[in-house]
Amino acid sequence: PSHPWCYGHCEYSVSHWDLLPHSSCGGSHQSPVNIVAHGAVRDKRLNAFTYTNFDNRSAIKSISNSGHTVMCELREDLLEVSGGGLGHVYSTFQLHFHWGTAQESGSEHTVDSKRYTMEMHIVSKRKDLTLDEALQTPNGLAVLGFFIESHPKSSPSVTNAWETLTSYLPAIQNISSAVDVKANLSIDDLLGNVNRAAYYRYNGSLTTPSCNEAVVWTVFEESVKVDQNLITMFPSQIGYFNVFRPTQSLNGRTIYTTKS
Ligand code: 3J4
Ligand code: ZN
């Protein structure tokens, strides 16, 4: 049974997620966190990722309004992520977004207390586990977090990809609505030439209930630069605001980095 949780005002608002039945939201290894850049520990094992089919332009099956975010469902058993110190092959199944308002930033992770405009999460699960098993395993899921910032001169191919993505938003204004995606749109197009070799790594949780402590987090240092007008489409078309969880205590966890 799913309980009504939300970020703002409802029975289980973000400060009471720990009271949700069967939730881990009150745990000690929660996400997101504030990343103190100079406190991150260099780890030479954090090598390059291998991204399989991130250039596939029919990877996105559908876009939906979950009631909390905009979610892109990916074609099953097509995209994979490995390397990057993960130690397992992960199968990528969805991506989604966190945002603030048209005026205020809404990333989940912060770096040196800086909150970015948006954050995109690309969610993958260990290929050798079912989703249920993965949600009960400390490294069962791998989420790649990319910060999104506005830029007046974002690259034409990135602009084109985000125009395509946001063109679907008017069709999913109603909660639980979904549209099939026919457009030519790849994950690589959405990311552009952002540096994928510089990132932070730590162990944490899903940032939404039930907050399972099952996630190997990768937060990329460089932001993806997108036109302000396209970023604003998320709050303005969907009508959800501040869909991000506040940062949680590290409780002694170490954040690792690729950089010295
Ligand atoms: C499943 C469960 C819900 O978390 S985030 O940390 O990247 N913001 O698989 C789905 C559901 O079917 O019931 O807790 O998890 C999600 S999830 O793993 O895809 N997921 C990723 C929920 C939000 C997002
Ligand atoms: Zn997320």
Side-chain angles (χ1 to χ4, degrees), residues 1-7 12 14 17-27 29-35 60-77 79 81 86 88 90-100 105-110 115-127 129-148 175-176 178 187 190-191 199-220 224 234 238 240-248 253:
S2 83
H3 294 268
W5 60 266
C6 69
Y7 294 97
Y12 292 101
V14 69
W17 286 357
D18 57 330
L19 302 176
L20 278 160
H22 312 293
S23 102
S24 301
C25 302
H29 289 56
Q30 290 289 290
S31 296
V33 297
N34 176 49
I35 296 164
I60 300 178
K61 186 159 69 176
S62 64
I63 302 185
S64 60
N65 175 337
S66 72
H68 308 286
T69 189
V70 169
M71 202 261 278
C72 298
E73 194 187 333
L74 305 177
R75 273 183 220 295
E76 247 169 87
D77 303 321
L79 290 85
V81 176
L86 289 175
H88 293 273
Y90 288 76
S91 149
T92 307
F93 63 97
Q94 64 118 303
L95 62 87
H96 62 270
F97 305 89
H98 300 269
W99 64 82
S105 294
S107 71
E108 295 214 293
H109 291 90
T110 56
R115 191 175 301 285
Y116 287 81
T117 310
M118 280 181 85
E119 190 169 327
M120 177 166 77
H121 288 158
I122 303 174
V123 185
S124 309
K125 74 154 189 76
R126 258 174 61 176
K127 249 187 119 170
L129 302 177
T130 65
L131 179 58
D132 282 355
E133 289 169 342
L135 287 166
Q136 308 306 325
T137 305
N139 62 358
L141 298 173
V143 184
L144 309 181
F146 288 92
F147 295 123
I148 314 297
I175 184 166
S176 299
I187 315 278
L190 290 171
L191 295 175
Y199 60 85
Y200 300 103
R201 163 65 48 75
Y202 77 100
N203 294 315
S205 74
L206 297 182
T207 66
T208 59
S210 42
C211 307
N212 306 52
E213 294 181 341
V215 181
V216 181
W217 273 99
T218 303
V219 177
F220 291 85
V224 179
F234 287 82
I238 302 299
Y240 303 153
F241 306 101
N242 299 318
V243 287
F244 62 92
R245 188 189 197 191
T247 54
Q248 307 291 305
R253 283 173 289 175

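Read the numbers this way: they start at 1 and go in the same order the structure lists the ligands and their atoms.
Taking atom 12 (O) of ligand 1 as the reference point, the nearest protein heavy-atom neighbour is Leu131 CD2, 3.9 Å. In terms of protein heavy-atom proximity, atom 23 (C) of ligand 1 is closest to Thr208 OG1, 3.2 Å. Atom 20 (N) of ligand 1 has its closest protein heavy atom at Gln94 NE2, 3.8 Å. Taking atom 4 (O) of ligand 1 as the reference point, the nearest protein heavy-atom neighbour is Leu206 CD2, 3.5 Å.
Nearest N/O/S atom of His121 relative to the Zn ion (ligand 2): this is ND1.
Pairing each heavy atom of Tyr90 with each of Gly140, the nearest pair is CE2-O, 3.6 Å.
Interface atoms of ligand 1 facing Ser210, defined by a heavy-atom separation under 4.0 Å, are 14 (O). Below 4.0 Å from some heavy atom of Phe93 lie the following atoms of ligand 1, by number and element: 9 (O), 19 (O). For ligand 1, the atoms closer than 4.0 angstrom to any heavy atom of His98 are 8 (N).
The option with the heavy atom closest to atom 6 (O) of ligand 1, from among Thr207, Leu135, Ile122, is Thr207.
Backbone and side-chain nitrogen or oxygen atoms of Trp217 are examined, and none is located within less than 3.5 angstrom of a nitrogen or oxygen of ligand 1. Taking distance alone, with nitrogen or oxygen atoms compared against 3.5 Å, His96 approaches ligand 1 more closely than that limit. Taking distance alone, with nitrogen or oxygen atoms compared against 3.5 Å, Pro209 approaches ligand 1 more closely than that limit.
Using cut-offs of 30° and 60° for the angle between ring planes, the Phe234 and Trp99 rings count as tilted. Taking the six-membered ring where tryptophan is involved, the planes of Trp217 and Tyr202 are essentially parallel, since the angle between them stays under 30° and well short of 60°. Classified by interplanar angle (parallel below 30°, tilted 30° to 60°, perpendicular above 60°), the ring pair Tyr7/His68 is perpendicular.
Salt-bridge check for Glu108 with Arg245: failed, with every basic side-chain N at 4.0 Å or more from each acidic carboxylate O.
In this structure, Arg75 contributes its side chain and Lys61 its backbone to no donor-acceptor pair below 3.5 Å. Although no hydrogens or angles enter the test, the distance criterion places a donor-acceptor pair under 3.5 Å between the side chain of His98 and the main chain of Val243.
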Ser210 vs Ser23, side chain to side chain donor-acceptor pair (under 3.5 Å): CA-CA, chis, key distance, verdict: CA-CA 4 Å; Ser210 42; Ser23 102; over 6 Å; no
Check the pair Leu190, Val224 against side-chain contact (heavy atoms from CB on, under 4.5 Å), reporting the backbone distance first and the verdict last. CA-CA 8 Å; Leu190 290 171; Val224 179; over 6 Å; no
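Note: angle at the Zn ion (ligand 2), from NE2 of His98 to NE2 of His96, is 110° (rounded to 10 degrees).
For atom 16 (C) of ligand 1, no protein heavy-atom neighbour is present inside the 4.0 Å cut-off.
The shortest side-chain heavy-atom distance between Leu74 and Ile60 falls under the 4.5 Å cut-off.
Under the 4.0 angstrom criterion for non-hydrogen atoms, Lys125 is not in contact with ligand 1.
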